[in-house]
Every structure is written in structure tokens, then in C-alpha cells.
Amino acid sequence: MVHLTKLLSSSSYQFLPFALLLLSVSLKTKAVLKLPPNVSVPAVFVFGDSVVDTGNNNNRTTSFARSNFPPYGRDFEGGVPTGRFSNGKVPSDLIVEELGIKELLPAYLKPNLEASDLVTGVCFASGGSGYDPLTSILEGSMSLSGQLDLLKDYIVKVKGLVGDERAKFILANSLFIVVAGSSDISNTYRTRSLLYDLPSYSDLLLNSASTFLTELNELGARRIAVFSAPPIGCLPFQRTVGGGMEKKCAPRPNNLAQLFNTKLSNFLRSLNRNFPSSRNVFVNVYDPLLDIILNYQKYGYKVGDTGCCGTGRIEVAILCNSLDSTCPNVEDYVFWDSFHPTESAYKRLIAPILQKYLYQFK
């Protein structure tokens, strides 16, 4: 495999674009999902938080939001922790796998990133980030604006590899995934709640989301899937701190998530009017994930209210570490830690979502 650093230093660099494209095609996996007619997806780019981060926080040693240590990655290839916040693959990986692009979506900040990975997509997400600018400060993570800076850096590199026209084609036809809001609602709102009620905080999130998504369109993205906030109140950690003695779903985070989702969906419709050649699509993950959590037995799980790591109620990120025991059979659990689902639960969620929404990107 040819490394990007070697390509950029090669004297024959200007002759490589066509060979790189052939290489990227040859590396593709067999698509699981049947694409709609006249729809091709050459690459996938992901922005957001720990749900989709594939390792960009590994070197952020001051950040709480890291997972490049055991027991994370217990069921990943070779049992290696890579910075993915689960026992195995995360949605970023499952999306490219379903589309037949490649098996894993690498972090953009991964050392020795392959040139072939640049032309088929990368992950810019950073665990602990959110729409609220305060969120990434509190978590020590990379902000969404910082993630856009990485995209700008990517555009320069890919133009050097394949030329301006092919780079524009990749940007215009690839699928851009945005997954954010969970850390804002779960963590930052506790800090903001003295100054903001639920409606005003959802407005703050929307204003930041609108700025981010507008710039993403301006940079050339044309197929953008914006995932809704999930049912935060039903995550094990929120049940622990806000679900009462019976550890029920905490109502306040769920109310905030639903309020924000309604405003986000409405905004995306207006954004499409401003960018008529774009498809900014609201993807409802709130309802299907809530169904998996509440009706876990229907999906073959035995536990839906606690995670596999430690007690399953508070352990997440650096609190879920090698000192914690893990459940013997992760397939029995919806959640890996107190915040993030298992690879199995992600698989049940992602495939139907792609099947439902891909037709909107024609």
C-alpha cells in the first residue's frame, strides 16, 4: 500500500491521480445496500462527536473523551482499541461498509493515512464535541469549526492528488454525515441551565448548527445527512443521574432533544432553498433508537438500561478502562458503556436508516 507521505514527496507525483483512482476502486468492499437508481457515492465524510469518532482524539491527552485503551475495541479487529467509543465498529464504519466503499472509515488524524483513504473518505469527528461551542472546551475536544478546518486541509490535499475537477466531483457526490448534539444535551446543558431554559438553549444549538451547515455547503458538500439528537434521557448515564429510584428515562434531556430536532428539521428545509443544488436531509435516529432501547427484547437483547462496561451506569470514556470488568456476552446488551451503544445495536440502527433516507440524495 502506498502511503500519502511517500506520494507527496515523489518526483512522479503529477502522474499519480489516475492510478490512485484505480487503487481506490480496487479496494472497495461488496455493497450490502442497494443504491437508488442514478446514485453513486464515491466517498463518505463524517463530522460530529464520540458516536462517530474513529480515533481523532487519540493524541488529545488532556481530553476526557478518549477511548484508545481497553476495554474499548474488545471485539474490534484483533481486539485493538483504536479510539472508537464502542466494543467494535461505530456508525462511521458501518455506513461505508453498507455502501460498499471500504470496511472502515479512518480518522483524518490517523498517522500514516493512506492516499487511497483520502479519495474514499475520512472521519473528522471528535469525541466530546457539539454544536454548542462551550461543549468542546469543557471536553477538551475538537470543535465543529475545527473539524471544518480539517476539511479545508483535506480539500487542498485531495486536489493535489486527483486534480481540481475530480476533487469537486468527490465533494459534490459524496455523502457527508453530521452527528452532534448528544454531548450538548447530556453534559453542557447542566452548565448552561442557569441562563437558558429548554427553548432558548435549543435556539443556541440551532444557531451554531446553522452556521456549521451553511459553511459545509459553501465548501462544496451537496449530499449532507444530518442525524437528529438521540433519546439522550434513555442512555444509562442519564437514567442514573435523572431517572429517579427506578432509573427510568430522564424526561428533561429527551424533551430538549425533541425540541431541538423539530427546529433542526425545519431549518434544513430552509437551507435547501438557499442551496438548491444541495440535499440537506434530516435523519431521524431518535425514534428507531428509542424503540431498540425500550423494546430491547424484541431485538434479541437481554439488557437495555445499563452498559456492558463496569456497573454500566456511569462508566464512559476514561472511566471505562482496564480496571473495569465487562459483561461476558456483549450481544446481550444494547449499550457498551453508559453512553454509547454496542456494535450490534449500531448495526440494527444504521442499515434501516440508510435504506430509508438514501433515495433523498438523488
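One-based numbering along the sequence shown. Only heavy atoms go into these numbers, but all of them, side chains included; no hydrogens, no water, no symmetry mates.
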I'd like to know if [X] pairs up with [Y] as an ion pair, taking the criterion as any Lys NZ or Arg NE/NH1/NH2 lying under 4.0 Å from an Asp or Glu carboxylate oxygen.
X    : Y    : result
R74  : E343 : no
E97  : K89  : yes
D117 : K102 : yes
R192 : D184 : no
D164 : K168 : no

S202 and L204, any side-chain heavy atoms less than 4.5 Å apart: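 Side chain of L204 against side chain of S202, heavy atoms only: no contact under 4.5 Å found.
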
Aromatic plane relationship, Y189 with Y201 - under 30° parallel, 30 to 60° tilted, over 60° perpendicular: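 Y201 vs Y189 ring planes: tilted.
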
Ring geometry between Y72 and F85 (parallel below 30°, tilted from 30 to 60°, perpendicular above 60°):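 Perpendicular: the ring planes of F85 and Y72 meet at over 60°.
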
Residue pair S50, D53: steps toward the side-chain hydrogen bond (donor to acceptor under 3.5 Å, both in side chains) verdict: CA-CA 5 Å; S50 59; D53 186 357; over 6 Å; no

Residue pair R84 / S86, side-chain donor-acceptor N/O under 3.5 Å: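 The criterion, which ignores hydrogens and geometry beyond distance, is not satisfied for S86 and R84.
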
Answer yes if the ring centres of [X] and [Y] are under 6.0 angstrom apart, and no otherwise.
X    : Y    : answer
F47  : F212 : yes
Y131 : F260 : yes
F176 : F45  : yes
Y296 : Y333 : no

Worked check of side-chain hydrogen bond (donor to acceptor under 3.5 Å, both in side chains) between S63 and E139: CA-CA 6 Å; S63 176; E139 299 284 348; 5.8 Å; no

Please name the pair of heavy atoms, one in [X] and one in [Y], separated by the smallest distance, quoted to 0.1 Å.
X    : Y    : value
S126 : S141 : OG-CB, 3.4 Å
S193 : R190 : OG-O, 3.2 Å
P230 : L289 : CB-CD2, 3.9 Å
Y299 : I292 : CE1-CA, 3.6 Å
F227 : V285 : CD2-CG1, 3.4 Å

Is the side chain of [X] donor-acceptor paired with the backbone N or O of [Y] at a distance under 3.5 Å, no angle test?
X    : Y    : answer
D324 : N321 : yes
R222 : A172 : no
D197 : S200 : yes
N68  : T82  : no

Cluster overlap I185 with V51, hydrophobic side-chain contacts below 4.5 Å: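 Yes, I185 connects to V51 through the hydrophobic network.
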
Stepwise side-chain hydrogen bond (donor to acceptor under 3.5 Å, both in side chains) check, R348 with Y301: CA-CA 12 Å; R348 292 186 181 277; Y301 299 110; 3.2 Å; yes

Spacing of CG belonging to L105 relative to OG belonging to S92, to within rounding of 0.5 Å: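 Those atoms lie 5.5 Å apart.
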
SG-SG distance C327 to C309 under 2.5 Å: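 No.
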
